[in-house]
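Here you go, one structure.
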Amino acid sequence: MSSKYNYHITHFVYSAPCISNLFYDRGIEIAFAGSSNVGKSSAINILTNQKNLARTGKKPGSTKLINFFEVEPGIRLVDLPGYGYAKVPVALKSQWQYGINEYLQKRESLKGLVVLIDIRHTIKYLDKCIIQFAVELNLPVFILLNKADKITACARQAQLNNVRKNIPSIQGKGDVEVEIFSSWQMLGVNKLKQKLDSWFSSGRKINSLI
Ligand SMILES: Nc1nc2c(ncn2[C@@H]2O[C@H](COP(=O)(O)OP(=O)(O)O)[C@@H](O)[C@H]2O)c(=O)[nH]1
Ligand SMILES: [Mg+2]
């Protein structure tokens, strides 16, 4: 499947230690969120066909930076810090959450949010919070049920139906879609590209009208 953007030439541009220290807020960006170790960095790597663009498999919870990658000038992917890792002290956890919420709320160039969830687990409280928050901000959400390679095709479909039915208080409002994903088996990668293409393209149209 051909894509409007050449994700393979994506390159790292910037790491921000905190929200008050961000890259200039122009152009269009799409952020990847999810708990630590769910596979955010792996998804960015598979999308861009680069083994080590986003660092993967580090100690859970150790990625506290917001990492920016440029697909082409003004078109960016953002690897957000993982939230909710159990061993992180509560104070630090809420600091990250606050940072992510602030980023979602204030970032003008943010035009879509990809949320990764482990397909084997039920959707967690913090996932629900971030999805709900994005919906309230009118930000479209694409949920990827990741690590689908770990379960059978039948179980995948059941979980997909289940999540689609149970996304809390979202039915009827908000732009939220759910798909099966696996970086390891390249499952759902084309659907992700299509979604990013559409977000980037509609963001460009809006920007050109401003
Ligand atoms: N089975 C399976 N493991 C994955 C997949 N994606 C990532 N992982 C593994 O999950 C761990 C965490 O991945 P990483 O991308 O660093 O997660 P992040 O903390 O969300 O950025 C690594 O050991 C990856 O190899 C996947 O699609 N399937
Ligand atoms: Mg990561």
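Remember, it's 1-based here, ligands and their atoms both numbered in the order they're listed.
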4.5 Å side-chain heavy-atom contact, Val71 and Leu196: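 They are not in contact (no side-chain heavy atoms under 4.5 Å apart), so the answer is no.
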Mutual orientation of the aromatic rings belonging to Phe68 and Tyr14 [parallel < 30°, tilted 30-60°, perpendicular > 60°]: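 Rings of Phe68 and Tyr14: tilted, as their planes differ by 30° to 60°.
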Ser42 N/O/S atom closer than 2.8 Å to the Mg ion (ligand 2):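 Here the distance criterion (N, O or S atom, under 2.8 Å) is not met by Ser42, so no.
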Ligand-side contact atoms (ligand 1) for residue partner Ser41, heavy atom cut-off under 4.0 Å: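 Heavy-atom distances to Ser41 below 4.0 Å select 15 (O), 21 (O).
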Region of Lys150 that comes within reach of ligand 1 [heavy atoms, distance under 4.0 Å]: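 Only the side chain of Lys150 comes within reach of ligand 1.
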Within 6.0 Å of CD in Glu108, more than 12 heavy atoms from elsewhere: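 For Glu108, atom CD is not crowded (no more than 12 foreign heavy atoms under 6.0 Å).
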Check against salt bridge (Lys or Arg N to Asp or Glu O under 4.0 Å), Glu179 and Arg156: CA-CA 10 Å; Glu179 288 297 343; Arg156 279 174 210 166; over 6 Å; no
Per-atom contacts, ligand 1 versus Gly39 - under 4.0 Å to a heavy atom: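 That gives atoms 7 (C), 13 (O), 14 (P), 15 (O), 17 (O), 18 (P), 20 (O) of ligand 1.
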Under-4.0 Å heavy-atom contact with ligand 1, by part of Asp79 that carries it: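 The answer is neither; Asp79 stays 4.0 Å or more away.
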Under 3.5 Å: N/O of Arg55 near N/O of ligand 1: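 No; every N/O pair is 3.5 Å or more apart.
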Side chain, backbone, both or neither: Asp149 near ligand 1, heavy atoms under 4.0 Å: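 For Asp149, the contact with ligand 1 is made by the side chain alone.
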Donor-acceptor contact below 3.5 Å, side chain Asp118 vs main chain Val38: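 Checking the backbone N and O of Val38 against the side chain of Asp118, no donor-acceptor pair under 3.5 Å is found.
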contact_flag Gly34 ligand 1 heavy-atom lt 4.0 Å: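 Outside the 4.0 Å threshold, so no.
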Any donor-acceptor N/O pair, Asn166 side chain to Asn162 backbone, under 3.5 Å: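 Here the side-chain-to-backbone pair exists.
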